[in-house]
Visitor: 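Questions regarding the structure given below will be posed in turn.
Below, chains carry the letters A, B, ... as their sequence lines are ordered, and counting in each starts from 1.
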2 protein chains.
Amino acid sequence: MQDSKGVDAGLLQSRYRLTKQRAAILRALEDGRHHNAETILERVREHLPGVSLGTIYRTLDILRSIGLVQVFSHAGGAAKYEATLEKHHHLVCTNCGEVVNVAVNEALPLAQALAQDHGFDGVDCALVVTGRCPRCARPNGVAN
Amino acid sequence: MQDSKGVDAGLLQSRYRLTKQRAAILRALEDGRHHNAETILERVREHLPGVSLGTIYRTLDILRSIGLVQVFSHAGGAAKYEATLEKHHHLVCTNCGEVVNVAVNEALPLAQALAQDHGFDGVDCALVVTGRCPRCARPNGVAN
DNA sequence: CTCTCTGCAAAGCATTTGCACATTG
DNA sequence: CAATGTGCAAATGCTTTGCAGAGAG
C-alpha cells in the first residue's frame, strides 16, 4: 500500500475525485497483472463489499481515458485491464487473447518515433507483439 | 481479382473449403484496410446478396484461426478485421480504437525475438504501438 | 451419400446507461 | 448546496450458436 500513493497520483492530477471505490480499483490492479472486470469486482469487494459492476466499468474507462490503465480486448471474451505501472512489452495471443508481460531490456525509440510521426501520443507500455501463445500454437492450419 | 489467388491460397491449404462466400469475404478485405463485420457484410452483399452476418463472423473467425486475418477489438465498439497482406505495423488509439497502418522500413528482429523467447508463434504484422491518435490526443487529463 | 457450409433467428454476454440517492468539497 | 460519483437494473449491441436445408466432393 505504500506505493499506492504513486498509483493514485494520476487520478489526483486529473479532474476526477479519488473516491474509495476508485482507490480500491487501482489497488486491485497493483499486482501488475491482467484482470477482467468481473475479477476486479471480486477483488474490490474484499475491501468494499457494496461496489457494483457498473462502477468498475465506469472507473476503468476513466482510468483508461487518463492513461492509468491499458485495455486488451478480444472477440468473444471479456476485456483485460492492466495498470500502467512500469514500462514493459506485451505478447498477445491472436487466438485466445492471452496477454503476457515482457520486461524491457533495451529502449525502443523506434516505436515511439513511429507514433510521433503519425501524431500519436505514445503511452508508456508501447510495444505489443501479436502471435500465438504456446498453448494455441499448432503445427499447421488447424482451427482454434 | 488477379491477386485473389494469393489471398485464397491460405484457405486452400487449410482444411476448409474455399466457398464463394469465403472468397467474397477475402475479396472485401483485399484493400488492406480495417473493416468491421457490418461493413464487410455490405461489401460482400454487393457481389453475393444473400450472405448473412452469421456467415461473416464464422468466416472471419476461421480466417483468424488460420492466420489470414487480424482482429482489433476495443471495448464498446465492433471489432475491426484486416487481411494479413504485407508486413506492416499498426498504431492503435487506446481511446477510440482507431487503427492506422504504418509501412515497415526496417526489420524488427527484436519483436520476433521477444515472441520466440516466450514460445509465441509470431505473425507477419508483429508490431502494434498503442497511444492516442491525433483526434483523441488532448493536452491534459481530459476525458474521452 | 456423407460431410461441410450457410441462412435464419434466437440466445448469450460483456458493456453501457438512466435515474435516484449518496457523497464530496 | 452544487457538482460529482455510485448502486441498481434495464437496455444495448456485438457476437455466437442451434437447426434445417443447401452444396460440395
Side-chain angles (χ1 to χ4, degrees), chain A residues 8 11-26 28 34-42 44-45 47-66 68-81 94-97 141-144, chain B residues 8 11-26 28 34-42 44-45 47-66 69 71-81 94-97 141-144:
Chain A
D8 297 348
L11 247 188
L12 288 171
Q13 285 165 18
S14 73
R15 66 175 185 78
Y16 299 100
R17 292 182 186 156
L18 178 55
T19 62
K20 55 183 188 293
Q21 288 90 342
R22 290 174 184 172
I25 290 171
L26 281 168
H34 317 95
H35 304 283
N36 57 34
E38 196 70 46
T39 306
I40 295 171
L41 178 65
E42 287 170 21
V44 167
R45 280 190 171 164
H47 302 273
L48 288 176
V51 176
S52 73
L53 197 51
T55 296
I56 300 291
Y57 278 112
R58 260 185 300 230
T59 301
L60 287 172
D61 191 54
I62 289 172
L63 297 176
R64 178 196 56 70
S65 77
I66 59 180
L68 292 183
V69 158
Q70 279 192 276
V71 189
F72 299 89
S73 309
H74 79 111
K80 292 176 184 172
Y81 300 83
T94 50
N95 196 55
C96 70
V142 182
N144 265 23
Chain B
D8 298 347
L11 246 190
L12 288 171
Q13 285 164 16
S14 74
R15 66 177 184 77
Y16 299 101
R17 291 182 186 155
L18 179 54
T19 63
K20 55 184 188 297
Q21 288 90 342
R22 291 175 182 172
I25 291 171
L26 281 167
H34 315 97
H35 305 284
N36 58 33
E38 198 69 48
T39 307
I40 296 172
L41 179 65
E42 287 170 20
V44 167
R45 279 189 171 164
H47 302 273
L48 289 176
V51 176
S52 74
L53 197 53
T55 296
I56 301 291
Y57 278 112
R58 260 185 301 231
T59 302
L60 287 171
D61 191 54
I62 289 172
L63 297 176
R64 177 196 56 71
S65 76
I66 60 180
V69 158
V71 189
F72 299 89
S73 309
H74 81 110
K80 292 177 183 172
Y81 299 83
T94 50
N95 197 56
C96 69
V142 182
N144 264 22

Visitor: May I ask you to test the Glu38(B)-Ile56(B) pair for a side-chain heavy-atom distance under 4.5 Å?
Guide: no
Visitor: Among dC19(D), dT15(C), dT6(D), which nucleotide has an atom closest to any side-chain atom of Arg58(B)?
Guide: dC19(D)
Visitor: Thr19(B) side chain: which of dC5(C), dC14(D), dT24(C) is closest?
Guide: dC5(C)
Visitor: Measure the distance from CG on Leu60(B) to C1' on dT15(D) and round it to the nearest whole Å.
Guide: 11 Å
Visitor: Take the protein atom CG of Leu53(A) and the nucleotide atom P of dA14(C), then report the distance between them rounded to whole Å.
Guide: 9 Å
Visitor: Decide side-chain contact (heavy atoms from CB on, under 4.5 Å) for Leu60(B) and Val71(B); before the verdict, give the C-alpha distance in whole Å, the side-chain angles of both, and the deciding distance to 0.1 Å.
Guide: CA-CA 9 Å; Leu60(B) 287 171; Val71(B) 189; over 6 Å; no
Visitor: Ignoring the backbone of Ser52(A), work out which of dC8(D), dT15(C), dT24(C) is nearest its side chain.
Guide: dC8(D)
Visitor: Mind calculating the distance between CZ (Arg64(B)) and P (dC14(D)) to the nearest angstrom?
Guide: 19 Å
Visitor: dT15(D) P sits how many Å from Asn36(B) CG, rounded?
Guide: 8 Å
Visitor: Just how far, in rounded Å, is P of dT6(D) from CD1 of Ile62(A)?
Guide: 7 Å
Visitor: Quick check: on DNA chain D, is the nucleotide nearest Arg17(B) upstream (toward 5') of the one nearest Tyr81(B), or the reverse? Name the residue that is more 5'.
Guide: Tyr81(B)
Visitor: Please confirm whether the shortest side-chain N or O distance from Gln21(B) to OP1 or OP2 of dG23(D) is below 4.0 Å.
Guide: no
Visitor: For the backbone of Thr59(A) and the side chain of Arg22(A), can you confirm whether one donor and one acceptor N or O come within less than 3.5 Å of each other?
Guide: no
Visitor: Over how many whole Å does the gap from Tyr16(A) atom OH to dT23(C) atom C1' extend?
Guide: 18 Å
Visitor: Provide, to the nearest angstrom, the distance between the NE2 atom belonging to His74(B) and the P atom belonging to dA14(C).
Guide: 18 Å
Visitor: Charged N to carboxylate O below 4.0 Å: is that the case for Asp61(A) and Arg64(A)?
Guide: yes
Visitor: Between P on dC14(D) and CD on Glu38(B), what's the gap in Å once rounded to a whole number?
Guide: 7 Å
Visitor: Write down the atom of Ala28(A), the atom of Ile40(A), and the distance for their closest heavy-atom approach.
Guide: CB-CG2, 4.3 Å
Visitor: From the set dT15(C), dG7(C), dT15(D), return the single nucleotide nearest to any side-chain atom of Val51(B).
Guide: dG7(C)
Visitor: Compare the minimum distances between each of dT6(D), dT15(D), dG23(D) and the side chain of Thr55(A), then state the nucleotide with the smallest one.
Guide: dT6(D)
Visitor: Given dT15(D), dC3(C), dT15(C), identify the nucleotide with an atom nearest to the side chain of Ala78(B).
Guide: dT15(D)
Visitor: Among the nucleotides dG7(D), dT4(D), dT6(C), which one has an atom lying closest to any side-chain atom of Arg22(B)?
Guide: dT6(C)
Visitor: Can you tell me if Tyr57(A) touches the phosphate of dT16(C), counting only side-chain N or O atoms and a distance under 4.0 Å to OP1 or OP2?
Guide: no
